[in-house]
Amino acid sequence: MTIDSLTSIVAQAAGGSTGLLVALVPYLLVFFIFYLIWWRPVRQRQKALEEQIANLKKGDRVVTNGGLYGKVVKVDDAIVVLEIADNVRARFAKSAIGGLEGTPTESGRQ
């Protein structure tokens with residue numbers, strides 16, 4: 001083996017890894033765009049909802065995940081008591097709260 005043949009082998013090996021990187025760039029670009037368009041906004045909405053639920057207070061009007069509208073009467077650690085009609089109160093897990101009444105939904109409607 002001569003130095004020239006070793007140099008050509010090293011050059012071919014380096015070129016092969018560069019070709020692999022070039023082949024992966026479109027996939028990485030698609031993943032990055034997917035992240036920006038879908039994952040990031042979903043995570044931001046989720047964080048905003050978690051913050052709203054953590055800051056619930058007496059008198060807030062909320063909507064449950066089941067579609068019940070009610071007014072917060074009492075807030076405990078993991079339970080919220082809602083008044084869903086006159087003199088009708090029900091206990092819900094905080095995780096069952098879908099959001100505050102009147103806040104925009106995903107489609108931008110109220």
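Nothing fancy with the numbering, it's 1 onward along the sequence. These figures come from a predicted structure and were not determined experimentally.
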**OP:** Would you please name every residue forming a side-chain contact (heavy atoms from CB on, under 4.5 Å) with Gln46, sequence neighbours left out?
**Re:** Arg43, Glu50

Original post:
Can you pull the side chain to side chain donor-acceptor pair (under 3.5 Å) pairs that have at least one residue in residues 74-90, sequence neighbours excluded?
Top reply: none

**OP:** Quick one: closest heavy-atom pair of Asp60 and Lys57, and the distance?
**Re:** OD2-N, 3.0 Å

**OP:** State, yes or no, whether a side-chain contact exists between Leu56 and Leu100 at a heavy-atom distance under 4.5 Å.
**Re:** yes

**OP:** Please identify each residue that fulfils side-chain contact (heavy atoms from CB on, under 4.5 Å) with Leu29, with sequence neighbours left out.
**Re:** Ile33

Subject >> Common cluster, Leu82/Val73, ILVMFWY with side-chain heavy-atom separation under 4.5 Å >> reply: no

**OP:** Assess the pair Trp38 and Phe34: is the distance between their ring centroids shorter than 6.0 Å?
**Re:** yes

Original post:
Of the non-hydrogen atoms in Pro26 and Ala23, which two are nearest, and what is the gap between them?
Top reply: CD-O, 3.3 Å

Original post:
Do you reckon Ile79 sits in the same ILVMFWY cluster as Val88, going by side-chain contacts under 4.5 Å, direct or chained?
Top reply: no

**OP:** Spell out, yes or no, whether Trp39 and Val30 are grouped together once hydrophobic residues are joined by side-chain heavy atoms under 4.5 Å, including indirect joins.
**Re:** no

Original post:
Who are the side-chain contact (heavy atoms from CB on, under 4.5 Å) partners of Ala90, not counting sequence neighbours?
Top reply: Ile84, Phe92

Original post:
So do the side chains of Asn55 and Glu51 get within less than 4.5 Å of each other, counting heavy atoms only?
Top reply: yes

Subject >> Sidechain-backbone polar pair: Asn65 side chain, Gly99 backbone, donor-acceptor under 3.5 Å >> reply: no

**OP:** Please go through Tyr69's hydrophobic cluster and name the other residues, only I, L, V, M, F, W, Y counting, with side-chain heavy atoms under 4.5 Å joining them.
**Re:** Val63

Subject >> Atom NZ of Lys71: over 12 foreign heavy atoms under 6.0 Å >> reply: no

**OP:** Give the intermediate values and the outcome of side-chain contact (heavy atoms from CB on, under 4.5 Å) for residues Val72 and Val62.
**Re:** CA-CA 7 Å; Val72 176; Val62 297; 4.0 Å; yes

Original post:
Taking only residues two or more places apart in sequence or in another chain, which ones pass salt bridge (charged side-chain N to carboxylate O under 4.0 Å, His left out) with Lys58?
Top reply: none

Original post:
Is any side-chain heavy atom of Ile53 less than 4.5 Å from a side-chain heavy atom of Lys94?
Top reply: yes

